[in-house]
Amino acid sequence: MLMSKMVLQTVKQAPNDVTILSQSLMMRAGFIKSVANGIYTLTMPAQLACQNIENIIREEMNRIDGQEIKFPVVMPKELWEISGRYYSIGSEMARFKDRNGRDMLLGMTHEEAAVHLCKNLILSYAQLPSMIYQIQTKFRDEPRCRGGLIRVREFTMKDAYSFHMTQEDLDDYYYKVHYAYERIFQRIGMKRFISVKSDTGMMGGSVAHEFMLLTDVGEDTLVLCDACGYKANMEVADSKAVETSSTELEQSLEQVYTADAKDIEQVSKYLDITAEKTIKAVVYAVKGDNEKVIIAFVRGDKEVNEAKLKKVVKVNIVPWEADGESGIVAGNIGPIGLNKKIQVVYDKSIKNAVNMVVGANKADFHIKGFCTSRELKNAEFYDVIKVKEGELCPICGKPLHLENGIEIGNIFQLGTKYTTSMNMTVLNKEGKEINPIMGCYGIGVGRALASLIQESNDENGMILPISIAPFKAHICALRLDDENVSTETNKLYNSLKEKGISVLCDDRNVSAGVKFADADLMGMPIRIVISPKSLKNNEIEITLRKTRESYKIPLETASSYIENLILDMMKEYK
RNA sequence: CGAGGUGUAGCGCAGUUUGGUAGCGCGCAUGGUUCGGGACCAUGAGGCCGCAAGUUCAAGUCUUGUCACCUCGACCA
């Protein structure tokens, strides 16, 4: 590709409001152009890089016997009514009517389509296990997009669906997909990625893992144990239960005046105790019904993990909005004497606690001497708190630490949620109808590219791994007014093209500095300089983007040298 | 959906306080000089100042409304 003809412009300055490095670099290099909020056009280099990522994904999915297919983007309402998700999913699903007034939607995932396809085609156990996958556009009307291609509304995703007769077979295949994912991320050049246990969310199912790129700008918080390798998303992460000392004598309950001390910090300061000796009430309401109040009681120094709480109460929750009617005294809420109609969840952090301070459900007062085992005789305790840095690993007891990550892929064991609701059955060996067990597996292609750039860059620009680089080589021809330079540049460019090598040739009439700066910014792995200076010795100059390593090679062997260099560099990603 | 912010040339911005000729840098075009790390000189093209209503002799600037985008939160298969 000739740089002068490419529809793209590099710019020195990214827009001021761009905060994420990968987005800034992609905007500066002209890789993406925003069309609307969370909707981007990819220019040639970004599109080629995505294609390269897709091809690596294909190779690895095919290696585990995946069959590439293609589902439609637009689907009728009826398909999604059977599974119930037409109603359970909110406004992130784009819906519209066709010309005949029929309700349609844009696909945001394809479980329903997968079952629809397979339910009359897979009839016998002999056809399983089987996996289908596609690489296709998804639309999700995200409430808030961010980070360029990190979180968008329209994106390309590889999504795969597998069907199995038994849980053992799914377990076995799930492990294979896990391995395939590791290979995919390694091959596209990702370095700091891990897989963590994750929440199954609205997809349903039991076991799930997310592949995460560790980076400060990640939207997810991960809980990691260096000692034993425990890794989990904060949404599901656990820590070792804190042992409470049983030596303390139980005091009797006593109401104390706490003035206008409302939050844990103020109360513990007012009473001169630590936050660990208080019980905090966090108030939620069922989404869409502020009257249906749910209160979580956790130890004062802990924070509520809403994802865990949602699982316990089995409804979608939102922070409660004080209304002055419910009899809830915000800032003085406690378990004793609370309106019985209110649903209450006790966290395991307050089990066995003695002599705690709790709200008195009365303005300006708290209660001292609260002992959980005495006051809450038949209470059940759940795990609804967030793990904090330094708490102990639930497996090995060593300190945990927290890191942020971007989700670059996920794998789910779906179970029979969709095969049951959509009535897909397969005959087993005994001739009995059973609902096959499903797994589903996703990777966002554009997000993978953005994540790579987020991870791989320096002060001059992005550094693209050769496995996915849109152009393997980037020729900077200096002084094209020099006939010799012009001739040799054309010769090398055409020779590389004939070898099937994707090469970018900067043939613009701009200064050397501009060409070098743009080459650095765009991050192609091999830079080739052809100039009057280098040609004087019948040489060209090669510089590796990643290491800055630079050397001269004879003109006559240049083409084959570069070809071999690329083959050699590609070996790392096989 | 809640809080805050921004809309002026393709991109980045100033001008808005105090109403009075539409500006700067980059980029683009033409000519010339340069030429291995974002060169220089000259000339030029490019604007419904987000949109709509209002106040005024006069609105980029003031008022009201509206739309879009950005940041933080909520949400997120």
Side-chain angles (χ1 to χ4, degrees), chain A residues 7-20 23-24 27-28 30 33-39 80 83 85 88-93 107-112 114 138-148 150-153 155 157 159 161 198-205 208 210 219-220 233 235 284-285 287-288 306-307 310 316-321 407 409-412 414 417-418 440-442 444 460-461 476-482 485 506 508-521 527 529-536 540-541 543 548 550 552:
Chain A
V7 180
L8 167 151
Q9 187 176 38
T10 61
V11 291
K12 282 186 202 170
Q13 265 177 301
N16 233 350
D17 44 33
V18 170
T19 51
I20 292 182
Q23 181 182 12
S24 172
M27 301 269 279
R28 280 176 54 204
K33 185 178 166 79
S34 169
V35 177
N37 179 18
I39 299 179
W80 283 62
S83 69
R85 288 205 295 184
S88 66
I89 292 176
S91 46
E92 57 269 26
M93 182 155 73
M108 48 193 296
T109 176
H110 282 86
E111 284 75 18
E112 285 82 358
K138 299 271 186 280
F139 187 86
R140 296 179 188 181
D141 199 353
E142 291 282 346
R144 194 151 85 77
C145 307
R146 72 193 99 192
I150 299 282
R151 178 167 293 273
V152 290
R153 295 197 289 172
F155 56 100
M157 183 177 184
D159 48 320
Y161 308 90
S198 71
D199 191 17
T200 48
M202 278 165 77
M203 297 294 284
E210 289 166 339
E219 299 177 284
D220 289 275
N233 193 309
E235 290 172 342
Y284 294 93
K287 190 174 183 180
E306 293 177 17
K310 268 181 205 174
N316 210 350
I317 53 169
V318 291
W320 175 71
E321 286 170 34
E407 183 186 343
N410 57 40
I411 57 177
F412 282 89
L414 283 179
K417 176 176 172 175
Y418 296 92
C440 77
Y441 320 92
N460 298 310
C476 292
L478 308 185
R479 301 300 305 273
L480 274 165
D481 54 324
D482 181 308
V485 171
D506 193 343
R508 297 173 301 171
N509 183 23
V510 294
S511 71
V514 172
K515 291 192 180 190
F516 292 152
D518 279 347
D520 286 348
L521 178 61
R527 187 183 78 190
V529 175
I530 303 177
S531 70
K533 205 165 97 179
S534 69
L535 289 180
K536 206 181 286 177
I540 62 161
E541 185 180 306
T543 306
R548 296 254 162 227
S550 183
K552 296 179 170 62

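Numbered from 1 within each chain, the chains take letters A, B, ... in sequence-line order.
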Original post:
Which parts of nucleotides 33-40 of chain B does protein reach within less than 4.0 Å, heavy atoms only, written one letter per nucleotide 5' to 3' as B for base, S for sugar-phosphate only and - for none?
Top reply: --BBBBS-
Subject >> Contact pattern, 5' to 3', of nucleotides 69-75 of chain B - B, S or - by protein heavy atom under 4.0 Å >> reply: SSSBBBB
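Using a 4.0 Å heavy-atom cutoff across all strands shown, A:Met157 reaches at least one base atom of the nucleic acid. Residue-level contact check: A:Tyr284 touches neither bases nor backbone, having no heavy atom under 4.0 Å from any strand.
Across all strands shown, the partner of B:rG12 is B:rC24, judged by Watson-Crick or G-U wobble contacts whose two distances both fall under 3.5 Å. Pair assignment for B:rA29 gives B:rU43, based on Watson-Crick or G-U wobble hydrogen-bonding distances that are each under 3.5 Å. Base pairing of B:rA3 is made with B:rU71, judged by Watson-Crick or G-U wobble geometry with both donor-acceptor distances under 3.5 Å. Within the shown strands, nothing qualifies as a pairing partner of B:rC76 under the Watson-Crick or G-U definition with both distances less than 3.5 Å.
Here the closest non-hydrogen pair linking A:Phe139 and A:Met108 is O-CB, 3.4 Å.
The gap from the C1' atom of B:rG47 to that of B:rG37 amounts to 35 Å, rounded to the nearest Å. Comparing the P positions of B:rG7 and B:rG60 gives an interatomic distance of 16 Å, to the nearest angstrom. Nucleotides B:rG12 and B:rG27 place their C1' atoms 11 Å apart, quoted to the nearest Å. Taking atom P on both B:rA45 and B:rU30, the two are 15 Å apart, rounded to the nearest angstrom. Only the P atoms considered, B:rG46 is 34 Å distant from B:rC57, to the nearest whole Å. Taking atom C1' in both B:rG44 and B:rA3, the straight-line distance is 47 Å, to the nearest Å.
Residues A:Lys417 and A:Glu111 are not paired through a salt bridge, judged by the lack of any N-O separation under 4.0 Å between the basic side chain and the carboxylate. Ion pairing between A:Lys12 and A:Asp518 fails under the 4.0 Å rule for side-chain N and carboxylate O.
Whole-Å rounding puts the A:Asn410 CG to B:rC76 P distance at 15 Å.
The environment of CG in A:Asn509 is sparse: at most 12 heavy-atom neighbours from other residues, nucleotides or ligands sit within 6.0 Å.
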**OP:** Please assess A:Arg548 against A:Asp520 for the test salt bridge (charged side-chain N to carboxylate O under 4.0 Å, His left out), listing each intermediate value before the final yes or no.
**Re:** CA-CA 10 Å; A:Arg548 296 254 162 227; A:Asp520 286 348; 3.4 Å; yes
Nucleotides 4-9 of chain B: which of its N/O atoms have a protein N/O under 3.5 Å away?
none

Can you tabulate the close N/O pairs, meaning under 3.5 Å, that link protein atoms to atoms of nucleotides 41-43 of chain B?
none

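For the salt bridge (Lys or Arg N to Asp or Glu O under 4.0 Å) test, residues two or more places apart in sequence or in another chain that qualify with A:Arg151 are A:Glu142, A:Glu219. Residues meeting the side-chain hydrogen bond (donor to acceptor under 3.5 Å, both in side chains) test with A:Ser34, sequence neighbours left out: none.
If you check the side chains of A:Ser534 and A:Glu541, you find no donor sitting under 3.5 Å from an acceptor.
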